[in-house]
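Structure record follows, encoded as structure tokens.
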Amino acid sequence: MQGAYSGILSRSWRRIRAGFHAEVAWRTSRWGRLGVGAGLEAVWPGSRFEGTVWHLAPEKDADVYLGGVGLTLYPTAVWSGPPLVGPYPDGTKYLVYPALTPLPLLAEVQGVDPLGTLLGRTRAQVLEALAEERTTGRLAVDLGISAASVSQHTAALRGAGLVATRREGKAAWHECTALGVELLRTGR
């Protein structure tokens, strides 16, 4: 397994993971604003949500009956077909759907870093790392910078509406806002 990772995924893993977290953050924000129905309809254009039924392909009678059970979202970069829905033993359901960042990923442009140019290299790295929620301390370790530096960068990003911060005890947790996710999605 390690050989497959090293040979196939290791060079692109950071971009794949960032794309996954950006997708989840963007969808979560969108669903929070628009509701579950509009969120599901956006997953598969042409589908429609009525009551507790998601009509994937009305002409083919492909309906998903949600009935108020939980739904776990699994965006994937390797599936481009219609969403796949299945049951868990506890009665909840899962949804596998094509992510906004499908494979193959766009090739990285060598020597060009638009976000680094706009925000500064370290601040762009902080924003990118926050596609996944992290504490100030975790960011400092992951990026190899001081906690004070992380605090300065997150404050600037928060001021620009790109990052949200919440306190939990003594820890400050940071993550991208929908605007930050959109900037990551279009700026890389």
Side-chain angles (χ1 to χ4, degrees), residues 2 4-34 38-39 42-43 45 72-80 95-188:
Q2 183 62 33
Y5 171 79
S6 297
I8 299 170
L9 292 175
S10 65
R11 289 189 326 197
S12 300
W13 186 247
R14 187 178 65 79
R15 290 171 42 228
I16 292 169
R17 192 163 189 255
F20 172 82
H21 289 292
E23 164 78 20
V24 170
W26 182 78
R27 291 274 180 204
T28 301
S29 169
R30 182 178 170 92
W31 287 37
R33 282 191 331 272
L34 303 177
V43 164
T72 303
L73 305 178
Y74 291 109
T76 178
V78 297
W79 174 252
S80 60
L95 168 64
V96 177
Y97 65 93
L100 292 175
T101 309
L103 289 178
L105 296 171
L106 297 175
E108 289 186 274
V109 179
Q110 299 300 319
V112 176
D113 180 13
L115 281 182
T117 301
L118 176 67
L119 301 173
R121 188 176 56 80
T122 304
R123 195 160 289 159
Q125 289 174 332
V126 169
L127 182 63
E128 190 173 72
L130 291 176
E132 180 179 349
E133 186 180 48
R134 298 174 198 228
T135 63
T136 301
R138 182 79 254 163
L139 271 170
V141 169
D142 290 348
L143 299 176
I145 59 177
S146 71
S149 181
V150 168
S151 293
Q152 289 176 337
H153 289 300
T154 55
L157 292 167
R158 189 172 43 258
L162 301 173
V163 166
T165 301
R166 68 177 172 82
R167 291 230 168 252
E168 191 173 289
K170 293 184 180 183
W173 288 86
H174 313 282
E175 69 179 328
C176 284
T177 62
L179 181 62
V181 169
E182 187 66 19
L183 183 60
L184 284 174
R185 192 175 70 78
T186 59
R188 288 280 183 206

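Just so it is clear, the structure is predicted and the values come from calculations on it, not from any experiment.
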Shortest non-hydrogen separation from [X] to [Y] and the atoms involved:
{"X": "T76", "Y": "V96", "result": "CG2-CG1, 3.7 Å"}
{"X": "A140", "Y": "A147", "result": "CB-N, 3.8 Å"}
{"X": "T177", "Y": "G161", "result": "OG1-O, 2.6 Å"}
{"X": "C176", "Y": "L184", "result": "SG-CD1, 3.7 Å"}
{"X": "A172", "Y": "R167", "result": "CB-NH1, 3.5 Å"}
{"X": "T135", "Y": "A171", "result": "CG2-CB, 4.3 Å"}

How long is the span from the [atom1] atom in [X] to the [atom2] atom in [Y], to the nearest 0.5 Å?
{"X": "H153", "Y": "L130", "atom1": "NE2", "atom2": "CG", "answer": "11.5 Å"}
{"X": "T154", "Y": "R123", "atom1": "OG1", "atom2": "CZ", "answer": "9.0 Å"}
{"X": "E128", "Y": "L143", "atom1": "CD", "atom2": "CG", "answer": "9.5 Å"}

Report yes if the side chains of [X] and [Y] come closer than 4.5 Å at any heavy-atom pair, otherwise no.
{"X": "L73", "Y": "V43", "answer": "no"}
{"X": "H174", "Y": "R158", "answer": "yes"}
{"X": "L119", "Y": "V126", "answer": "no"}

T136 side-chain N/O to S151 backbone N/O, donor-acceptor pair under 3.5 Å:
no
